Each structure stands twice: as C-alpha cells, then as structure tokens.
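Down below is the structure, laid out as structure tokens.
The sequence lines fix the lettering, A, B, ..., with proteins before strands; numbering per chain opens at 1. As the structure is a computational prediction, the values presented were derived from the model and not from experiment.
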Amino acid sequence: MLLFLEQLLNGLQLGITLFLMSAGLTLVFGIMRVINLAHGSFYMIGAYVGATAMATTGSFLLGLAAALPAAALVGMAVEWLVLRHLYDRDHLDQVLATFGLIMFFNESARMIWGRQPLFMDVPSWLAGHVTIVDGLSYPVYRLAVIVAGLAVAVFLWFLFARTRLGMRIRAGATNREMVGALGVNISLLYTLVFGLGALLAGLAGVMAGPILAVESGMGESILILTFVVIVIGGIGSVKGAVVGALLVGLVDTLGRAFLPTLLRLAFDSSTADTAGSSLASMAIYILMAMVLLWKPSGLFPVQSA
Amino acid sequence: MKKQCAVVLAVLAGMLLASHVLAADPVKIGMITTLSTKAGYLGEDIRDGFQLAIDQEGGTLGGVPVDLLVEDDGAKPEKGKQIAERFEVKDGVKIMTGIVFSNVAMAVIPKVVRDGVVYLSANAGPSKLAGDMCNPNYFSVSYQNDNLDEVVGQYVTEAGFTNVYLLAPNYPAGKDHLAGFKRYYKGNIAGEVYTKLDQSDYAAEIAGLRAAKPDAVFFFLPGGMGINFLKQYAQAGLQQEIPLFGPAFSFDERILGAVGEAALGVKNGSQWSHDLDNPANKQFVEAFKKAYGRTPTLYASQGYDTARLIASALKKTGGIADLDAFRAALKKADFESVRGNFSFGTNQHPVQDFYIREVIKTENGYTNKTIKKVFSNHVDAYADQCSM
C-alpha cells in the first residue's frame, strides 16, 4: 500500500513535468496552428543554461532565473526567424522545418557544451527526504517539482480566464482574422505565446536537470510523451494537457511498477518480467489508442474557426 | 593473332607492375567506429589508443608502414555496412577494426569476414560471433560481451551476497548481460526488472527496488541511462544502504568525471584498469596521458592492444600478401598486452584475467582502483559452440 502511494507520487511528478511541456506545445498548436517539433529543444536549452548558471553561481534559483528567460528568448527568436514564415504552409513543411531545428539545436549544444553530459546537483535546501506518512519518505526535490507544476497550472488558469491578455489569446485561437481586425497586434501576441510556451518547456528542463543528466538530445524522449499527452488531451486545450499529462504520467509509472508483479500471478517469474516490461512500455500507446477510439479528437477537443 | 598476343602480354606486364606497386604500398587498416552521438567518445578512445601504437613506431606497426582509415558509423548498423562496403571495394582494405556497438558489429562482421577480410574487434563482442557464427577471419581482442557480467556474478557470490536485485534495459543485450551475471551468481534473485531502452527517470524502479529489500543490486545500463540511474539511486539515499555492482561500461574515467560522487564505492567488473601492475600497461598509461592529456579508458586500452597485436603479426609476416600466414601470426598473440595475460582460445576470443574494480576518489578526481582478481585465464561460455 505504501509502495502504491509512493508510485502514485512518482507518477504525479512525471505527469507534472509532462504538463509543463505539453501546455506550451498545445498553446502554440491551438493558437497558431503550427506543429513545433523543436519544443523539446527549449527543454534542453533550459536544462543546459540552468546547469551552467548553477555551476558558476552555485545557486539553483539563479540557475532558474537564467534558464527561463533564455528559453523564452530562444523561443521567441525561433518564432520570429523561422515559424512566422510557416503559418500558412502545410503541416508537413512545418514538421520538416522544425525537425531541422532539432538537429541545429542538438549540434549547437554539442559545440557549446561538449559531448559529455553536464550535472546539476539538487540544491541543498531541497535535498533529503520528508516523511509523508509513517514508513513512506519521499525526496523533497520531487515534491517541490510537483508543487511548482501545480502552481504553474493555477497561474495559467488565472492568465487565461481572468486577464485581458488571456482573453485576447483565447479570442485569437477562435478567430484570428476577427481579433486582428479589432486592432489587436496578433503577430506580437503570437510571439508572446510562443515565448511563454518555450519558457514552460525551459522550466521543465531546468527542474529535470538535478534528476537527469543534461545532455544533447535530451528533449527528444520527452517530446514523444508530450505529443501523446496532447493527442490524448485534445490538441489546443490546456485543460486537456493537464488531464492528459496526469493520465500518461500515472499510467506509465504504475505500469512500469506493477505490471510485472501482476503478471507474476499468472505466469512464471521470468516470462512475467519480460512480458510485463514490454507491456509497460506500450501502456501509454494503448491508452492513447483507447482514448482515440472513444473520442477521436481527444478528451477536451477545442472548437475553433 | 600476334597483335592479340602483344596486348595480352602488355596487360600481364601491367598487372605485374601494378601488384609490385601494391606490395610497396602501406598496409591499409579500415576503422569503422562511433565518433558522433552521445557515445562518440568511445570511438575516439579506441581510435586514439590505436593511433598511439602507430605513432610510437613512427607510422608503422611491426616495422610495416600502415595507413589508418577512420570513418564514423554514427552508431547505426546501416551506416557501418556502407562504410565497410566502401573500404572493401574502393580502398581494397583487408584488415578492419573499431566497431563499438554489437548491433553494428552484427551488421558488418559476418559479411566482411566471408569476403576474406580479417576483422579484429576492439570492443563489441556479440555472443553469436563467439559461438556458432565464429570465423577464422574474426578475432575479438576485447572480450565476449557478457564476460564482464560473469566476473561480477562470481565476485558477488564469493562476497556472500545472497539476495540480489537485477536491472537492465529491455533489449537483447540487456538480457544477455543479465544472463552472464546469473551464470556465476548462486544466490536468490530478489527481482529482475527490464526498463525501457533510453529511459531517463528511474523513480518507479527505484521505489520497487527499495521495497524488495535486496542485499545488493546488479545493473547493466549503458551510457546516459546508467548516469541517470546512479544519480537517482544516490538521491534516493540508497547509495549507503544497498551496494551497487555492474560491468565496467558505466564506469569509465570519462563517465566518472561527470557522475562523480554518485558512483563512489560502486564495484564493477573489467579485464583492464589503468592501475594494473605490468610494464606494458605503465608505459601505455603514461604515453596516453602525455599524448592526449587524459586518463585512458577501457576502450583506449582495447584500441591500443588491437594495434599492438597487428604489429606483432606484421613483424613476422612483413605484410599481408599471405593472409593465411598473417592470420596464423595473429592467433599466436605474441605481444605484451596491457592487461598482462592474453592468449586466444579456440574461438579466437581472448583467454584472460578479470578483475573487480571499485570507484574511488583521488586528488585528481574519481577513478577506478583494482581490488581483486576474480578469474584467471577465463574462457567465455560460447567457445564450445564454435566448430573452429
């Protein structure tokens, strides 16, 4: 039971990281209708800049303070230099161009930071464990990731539902010509939204830094999961991103943790271990297929003109 | 008729001349290795170790001038095949070496050795090539892949651990490596977990591991996977509680430079270490540090040994015009290996000693220290299946 609770927390933490990634990606798709494969690169840039700033200053907060604007600025530059010219093009052109960007960013990271991975330490004030219930202690840092992600979710809700900027963004997603005609600078709005998406990815990257190795190409493995999340949640929907991310995080973690054990009830242990781990790595794709069978445009589809 | 005869004679004369010129050419050695991707440093170290041996002899190996052609396979089997084809057809290469990854090796080696190329492996040692697919043209100068797991299995048993938890990625090599460990480990298995290949977060596995309460953990997670696992294992506070064991692949000096603290105390199995006490090794480690400014890794030692083995054979034969003689000379393994003991078994894989090393901290950073020799003149498990 305690193990189940711990794995639930692990799943929640993975889900939160995925939410930060997919919120940005789904915003960009929902509002600009552009598929951006290079979203994982902002995650990587956040992690690299954060790790470098932390290594030079010794402070995790300064690392965070450097990484977020860096990711946002690179994101806005990418929008301004590349994607802006692709809005009216086919999705395939967008995929090709942003795939090229992935290679560009990976190679740049290798040239700047070298081939060896970088490491970030867990900041001392977030190190150690905290006892949640008797017998279950959980790393403080992973709890902090969960809290930070929840805070971001609340902030996004507030931004979209309660502010003028959020209103314009929602309006732009529904009918961009009309919003443009009403005198809103729609291209500036796009750049800002893109910067916000990149910033969230950078935040996910810098928070993953102390847990993972910071290396060139680290954005790709999370990008695939991120796409699964937004397909499940409904492309363009932030609410869908929240639900999809938590679903994927939980299914993936619980599958990895308990499928082999479950199968052991029916098969001998070595068959169960092998089959269980294979099934576990398929679990989120099975989930995606089932959701799409039931709701072909995702759990929270967005209507727009 | 006369005209035709003259033409034939001219052609024959030309061929004679050409073959004469060929004999004076340096011996070409084709190195297919991985220089890009995250694993690019493995190929760099093999190449640099190999090149060091050539440089030490002033551009020759065993007194015969050699021409080392190096190409990057990007860790992709398809690319490896293309390079091998080009080496064979365009450059007329008769000696190849350098492949890092077993999947690339399986795509390249069976074909080139059938075509009569002599292949000397400086790293990858897939079990197929040690067993039923062994070939007179194929030599492994490194090991058979699961040797490094066998030695850990034996050590863990000797050290009295009886309840070990196993962890590896879910792909063929992951299963092979765990099988190697289990071949010599006699105790109970607390759990056997296969993770996704290229997984980066191991929170779920580590929680399960802690709940299983093993007295030791054996893991095979190559490259970045191992780095992430080590960090998270230390963060979970298990580093002091449950000792970790693994093959040497995640503990070379370049990875340790990055992982540092989190790997401290981990014991790993290897056939070589920079502190092995023999004259050849002392000389090699010194020379490598001087030439490249870093401590050599396992891979560098294998590249160096491969070149020194080729040198010993070329010294006897003077060239590769007679491939049979060259092969026979290789098989004698008449060179001073940096590992000490070295000879070839019936399947042309090394018969050598294996050690357990421990990750320690010195004033120059983190490194490995040899703590025990576990196997002497160890033969791999597939030698019997080879009908050579």
| Side chain, backbone, both or neither: which part of A:Ile211 has an atom under 4.5 Å from a heavy atom of chain B? | both
| Checking heavy atoms, do the side chain of B:Ala211, its backbone, both or neither come under 4.5 Å from chain A? | side chain
Is there any N or O donor on one of chain B and chain A with an acceptor on the other under 3.5 Å, and could you list each such pair with its distance?
residue: B:Leu35; atom: O; partner: A:Arg115; partner atom: NH1; Å: 3.4
residue: B:Leu35; atom: O; partner: A:Arg115; partner atom: NH2; Å: 3.0
residue: B:Glu44; atom: OE2; partner: A:Arg115; partner atom: NH1; Å: 2.4
residue: B:Asn170; atom: ND2; partner: A:Ser277; partner atom: OG; Å: 3.4
residue: B:Asn170; atom: ND2; partner: A:Ser278; partner atom: OG; Å: 3.2
residue: B:Lys196; atom: NZ; partner: A:Asp252; partner atom: OD1; Å: 2.9
residue: B:Asp201; atom: O; partner: A:Arg256; partner atom: NH2; Å: 2.9
residue: B:Asp201; atom: OD1; partner: A:Arg142; partner atom: NH1; Å: 3.3
residue: B:Asp201; atom: OD1; partner: A:Arg142; partner atom: NH2; Å: 3.3
residue: B:Asp201; atom: OD2; partner: A:Arg142; partner atom: NH1; Å: 3.1
residue: B:Ala203; atom: O; partner: A:Asn10; partner atom: ND2; Å: 3.4
residue: B:Ala204; atom: O; partner: A:Gln7; partner atom: NE2; Å: 2.8
residue: B:Glu205; atom: OE1; partner: A:Arg256; partner atom: NH2; Å: 3.1
residue: B:Glu205; atom: OE2; partner: A:Arg256; partner atom: NE; Å: 3.0
residue: B:Arg210; atom: NH2; partner: A:Glu6; partner atom: OE2; Å: 3.2
residue: B:Asn228; atom: OD1; partner: A:Ala213; partner atom: N; Å: 2.7
residue: B:Lys231; atom: NZ; partner: A:Met120; partner atom: O; Å: 3.3
residue: B:Lys231; atom: NZ; partner: A:Gly209; partner atom: O; Å: 3.4
residue: B:Lys231; atom: NZ; partner: A:Pro210; partner atom: O; Å: 3.3
residue: B:Lys231; atom: NZ; partner: A:Leu212; partner atom: O; Å: 3.0
residue: B:Gln232; atom: NE2; partner: A:Ile211; partner atom: O; Å: 3.2
residue: B:Gln235; atom: NE2; partner: A:Pro210; partner atom: O; Å: 2.5
residue: B:Ala236; atom: O; partner: A:His129; partner atom: NE2; Å: 3.4

| remark: Answer key: most heavy-atom pairs under 4.5 Å with chain B among A:Pro210, A:Pro117, A:Ala257, A:Gly11 is A:Pro210
| query | Hey, is NZ on B:Lys361 packed in by over 12 heavy atoms from elsewhere, all under 6.0 Å? | reply | no
